[in-house]
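Computation of the quantities below employed the complete heavy-atom set of this structure, encompassing side-chain atoms and omitting hydrogens, waters and symmetry-equivalent molecules. Just so you know, residue 1 is the first one in the sequence shown, and it goes up from there.
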Amino acid sequence: MRQFKKNISRNLKVKKSNDEVIEAQLTEVTDEYITLEWKAREPKKIGKGKETVQKRLELPYTEIKEAVVTVTF
């Protein structure tokens, strides 16, 4: 938990316990979970094409298998 607090606002690559991988920005750290935010392209609800939506996930520590800080240039 101490390491997560040091890396708030950095990008992480998180591997969940079900082997799903999420690349997102760490925005919040609490005693029970971390909060990740990222933008994703999804199909529009009405019409053709895609739109960019803001995603947010509160991930409990028990579901985190591995987390690595990613460096961007």
Quiz item: side-chain contact (heavy atoms from CB on, under 4.5 Å) between Glu58 and Glu32: does it pass, once the steps are laid out?
Solution: CA-CA 9 Å; Glu58 293 179 350; Glu32 296 88 31; over 6 Å; no

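- Distance alone, capped at 3.5 Å, places no donor-acceptor pair between the Glu63 side chain and the Lys16 backbone.
- Rounding to the nearest 0.5 angstrom, the gap separating the CD1 atom in Ile22 from the CG atom in Leu12 is 10.5 Å.
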Quiz prompt | Val14 and Val21: CA distance, side-chain angles, deciding distance, side-chain contact (heavy atoms from CB on, under 4.5 Å) verdict | solution = CA-CA 6 Å; Val14 179; Val21 177; over 6 Å; no

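- We find the CG-OG distance between Leu26 and Ser9 to be 8.0 Å, quoted to the nearest 0.5 Å.
- A salt bridge links Arg56 with Glu37; the closest basic N to acidic carboxylate O contact falls under 4.0 Å.
- Tyr33 and Leu57 fall into different hydrophobic clusters, defined by Ile, Leu, Val, Met, Phe, Trp and Tyr side-chain heavy atoms under 4.5 Å apart, directly or through other members.
- In this structure, CD in Glu28 is found 12.5 Å from CD in Gln25, a value given to the nearest 0.5 Å.
- Checked by atom type and distance alone, the side chain of Thr70 pairs as donor or acceptor with a backbone atom of Asn11 at under 3.5 Å.
- Across all non-hydrogen atoms, the minimal contact from Lys55 to Glu42 is NZ-OE2, 2.6 Å.
- The shortest distance between side-chain heavy atoms of Phe4 and Val29 falls below 4.5 Å.
- Although no hydrogens or angles enter the test, the distance criterion places a donor-acceptor pair under 3.5 Å between the side chain of Thr27 and the main chain of Thr35.
- A salt bridge does not link Lys15 with Glu23: none of the charged nitrogens is closer than 4.0 Å to a carboxylate oxygen.
- Here the straight-line distance linking atom CD1 of Ile34 with atom NZ of Lys5 works out to 13.0 Å at 0.5 Å rounding.
- Taking NZ of Lys39 as the reference point, atom OG1 of Thr52 lies at 7.5 Å (rounded to 0.5 Å).
- In terms of hydrophobic clustering, with Ile, Leu, Val, Met, Phe, Trp and Tyr side chains grouped at heavy-atom distances under 4.5 Å, Val68 and Tyr61 are assigned to different clusters.
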